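For reference, the structure discussed in these notes is given below.
Note that the structure is a prediction, hence the values are computed from the model and not measured. A, B, ... follow the sequence lines: proteins, then strands. Residue 1 opens every chain.
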Number of protein chains: 2
Amino acid sequence: MNEPSLIALEPSIGVTLTDRLFDALQRAIVEGEIPQGSKISEPELARRHGVSRGSLRAAIARLEACKLVERKPNLGARVVELSAEQLIELFQLREALEGMAARLAAQAMTAAEIDALGALLEQHGQQIEQEQGQAYFQQQGDLDFHFRIVQGSKNRQLIALLCEDLYHLLRMYRVQFGMRSQRSRHAFDEHCYLLNAIRARDPEMAELVMRQHVRSSRRHLEQALA
Amino acid sequence: MNEPSLIALEPSIGVTLTDRLFDALQRAIVEGEIPQGSKISEPELARRHGVSRGSLRAAIARLEACKLVERKPNLGARVVELSAEQLIELFQLREALEGMAARLAAQAMTAAEIDALGALLEQHGQQIEQEQGQAYFQQQGDLDFHFRIVQGSKNRQLIALLCEDLYHLLRMYRVQFGMRSQRSRHAFDEHCYLLNAIRARDPEMAELVMRQHVRSSRRHLEQALA
DNA sequence: CGCAAGCAAAGTGTCAACACCTTTTCGGTT
DNA sequence: AACCGAAAAGGTGTTGACACTTTGCTTGCG
């Protein structure tokens with residue numbers, strides 16, 4: 001996205017069949033098209049997607065790595081069950097990880113990245129002002145914002161963890177639990193505080209704000225689920 | 001381990017061929033038997049282990065999930081490269097995650113678990129006193145200790161993350177970088193501080209001590225690698 | 001002599017078939 | 001009629017073979 005597209009990119013960005021299968025299944029699971037806890041029949045899925053079982057199994061293995069499905073030997077794979085308890089645990093984890101991301105981002109983000117983040121936030125502000133595109137865009141916007149903070153940390157271990165593994169699991173929870181968050185205005189303000197902390201290059205403040213932000217989401221959830 | 005063994009355990013704990021392959025390869029990579037950055041030839045490995053390529057590919061997929069190998073489409077899989085930079089990043093991550101684990105463990109560990117942890121530490125103390133079994137046992141002991149803290153957090157997301165994914169990667173770094181830590185005495189003292197904080201049920205103190213502990217390891221590393 | 005195009009070898013991605021395990025159903029027994 | 005055991009059906013684990021991509025080498029041309 002940032003790099004000029006002329007500079008030698010990875011040789012042969014071959015998109016394999018397993019890749020497409022993985023994307024399709026991931027989307028289907030996140031959207032709830034394949035319901036929670038349901039068993040995944042390899043022959044049936046393979047037939048419905050018109051592929052062999054081998055490719056499908058490879059895709060399922062990746063889903064297992066994202067914790068979207070659980071497989072038991074000789075019993076097959078089931079879509080993960082979403083207990084409210086585990087959702088809370090996931091948010092606890094986010095608090096620690098994204099707090100760390102914010103702290104590092106305050107040190108490592110480039111001026112250009114910070115400006116781009118500011119532009120994104122301004123756009124979000126307008127959308128909220130107009131009270132339109134509420135549900136989907138605001139949620140997607142929230143994810144985008146957090147996504148950029150994580151990228152800004154420049155810690156590859158952390159980026160891989162949050163953006164490749166836990167990201168989809170979080171999206172699944174969001175979609176399936178409804179989460180028509182009435183606190184988007186609140187969240188937007190907190191995002192602005194965080195941007196200010198990053199602009200000021202204040203790591204401690206950035207971590208504090210981010211942790212508080214995630215904790216607010218969690219508390220809001222705990223009430224909604226209780 | 002804790003549950004009475006009569007209560008219905010999982011039906012059929014079948015150990016599949018892929019499981020054994022995964023374990024063998026994981027060990028080989030962690031021990032450095034298969035060197036860093038080396039390409040993994042599927043036909044050769046399949047032949048050497050006397051299995052089909054299909055099973056091998058499944059095992060490699062799991063290794064990829066642990067971040068022990070990286071695979072690129074049509075180019076094959078390579079054992080991950082261990083840069084000093086990424087090692088530092090991994091320790092930054094550990095600081096956040098294990099700090100969180102310690103905080104939660106101070107709240108959630110049972111009295112029995114805390115006692116067992118104390119017994120383990122006492123044993124470590126004797127080993128250090130006798131200055132015997134230095135290298136291997138002390139490293140293994142350190143991992144065991146951290147392992148139990150993580151388990152004690154009772155946060156399943158965190159446990160899965162640290163004990164199933166990042167654990168082996170950390171072991172790999174330890175083994176391959178030598179890490180004949182001369183600070184075992186230091187580490188032991190810090191473990192004792194942490195145990196005390198947990199005994200006192202003081203979450204904040206526990207997190208502080210753990211973060212400091214991991215940070216010390218990191219600083220020690222940064223000096224050794226500079 | 002150097003370089004590009006093309007060819008051969010090796011390797012990965014994909015597929016269909018076989019073997020073993022699990023579950024269900026059917027028949028026999030108490 | 002209910003329960004136990006065995007056979008059949010469905011599903012997963014594993015295998016070997018085929019198709020396409022990449023790589024290294026050879027060959028022909030500048």
From C/dG11, C/dG13, D/dT14, pick the nucleotide closest to the side chain of B/Thr16?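 Nearest nucleotide to the side chain: D/dT14.
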
Mark yes or no for a side-chain to base donor-acceptor pair under 3.5 Å between B/Arg53 and C/dG13, with no hydrogen or angle criteria applied.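 It does, because a donor-acceptor pair links the side chain of B/Arg53 to the base of C/dG13 below 3.5 Å.
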
Under 4.0 Å: is that the gap between some side-chain N or O of A/Ser41 and OP1 or OP2 of D/dG10?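 No, outside the criterion.
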
May I ask you to evaluate whether B/Ser55 reaches the phosphate of D/dT15, defined as a side-chain N or O under 4.0 Å from OP1 or OP2?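 So the side-chain polar atoms of B/Ser55 do come within 4.0 Å of the phosphate oxygens OP1 or OP2 of D/dT15, strictly under.
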
Are B/Phe91 and B/Tyr173, when compared by the centres of their aromatic rings, separated by less than 6.0 Å?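 No, the ring of B/Phe91 stays outside the 6.0 Å limit from the ring of B/Tyr173, centre to centre.
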
If I take atom [atom1] in residue [X] and atom [atom2] in nucleotide [N], what distance separates them, rounded to the nearest angstrom?
X: B/Leu56; N: C/dT14; atom1: CG; atom2: C1'; value: 16 Å
X: B/Asn74; N: D/dT21; atom1: CG; atom2: P; value: 8 Å
X: A/Leu75; N: C/dT24; atom1: CG; atom2: P; value: 11 Å
X: A/Arg57; N: D/dT15; atom1: CZ; atom2: C1'; value: 12 Å
X: B/Lys39; N: D/dG24; atom1: NZ; atom2: P; value: 11 Å
X: B/Arg78; N: C/dT12; atom1: CZ; atom2: C1'; value: 14 Å
X: A/Arg47; N: D/dG10; atom1: CZ; atom2: C1'; value: 14 Å
X: A/Leu17; N: D/dA19; atom1: CG; atom2: P; value: 17 Å

Establish, from distance only, whether the side-chain atoms of A/His191 and A/Asp142 form a donor-acceptor pair under 3.5 Å.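 Short answer, yes.
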
Counting any heavy atom closer than 4.0 Å, what does [X] reach on the DNA or RNA strands: base, sugar-phosphate only, or nothing?
X: B/Leu45; result: nothing
X: B/Gly54; result: base
X: B/Ile40; result: sugar-phosphate

Expected output: side-chain A/Asp23 to main-chain A/Arg20 donor-acceptor under 3.5 Å: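 No; judged by distance alone, with no hydrogens or angles, the pair does not exist.
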
ring-ring contact (aromatic ring centres under 6.0 Å, His included) involving A/Phe22 - partner list, sequence neighbours excluded: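 Checked A/Phe22 against ring-ring contact (aromatic ring centres under 6.0 Å, His included); zero matches.
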
If you find the nucleotide of DNA chain C closest to B/Gly76 and the one closest to A/Gly50, which residue's nucleotide is nearer the 5' end?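 Its nearest nucleotide lies further toward 5', so the answer is B/Gly76.
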
Does this structure show an ion pair linking B/Lys154 with B/Glu113, if we count only N-O contacts that are shorter than 4.0 Å?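 Looking at B/Lys154 and B/Glu113, the cut-off is met.
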
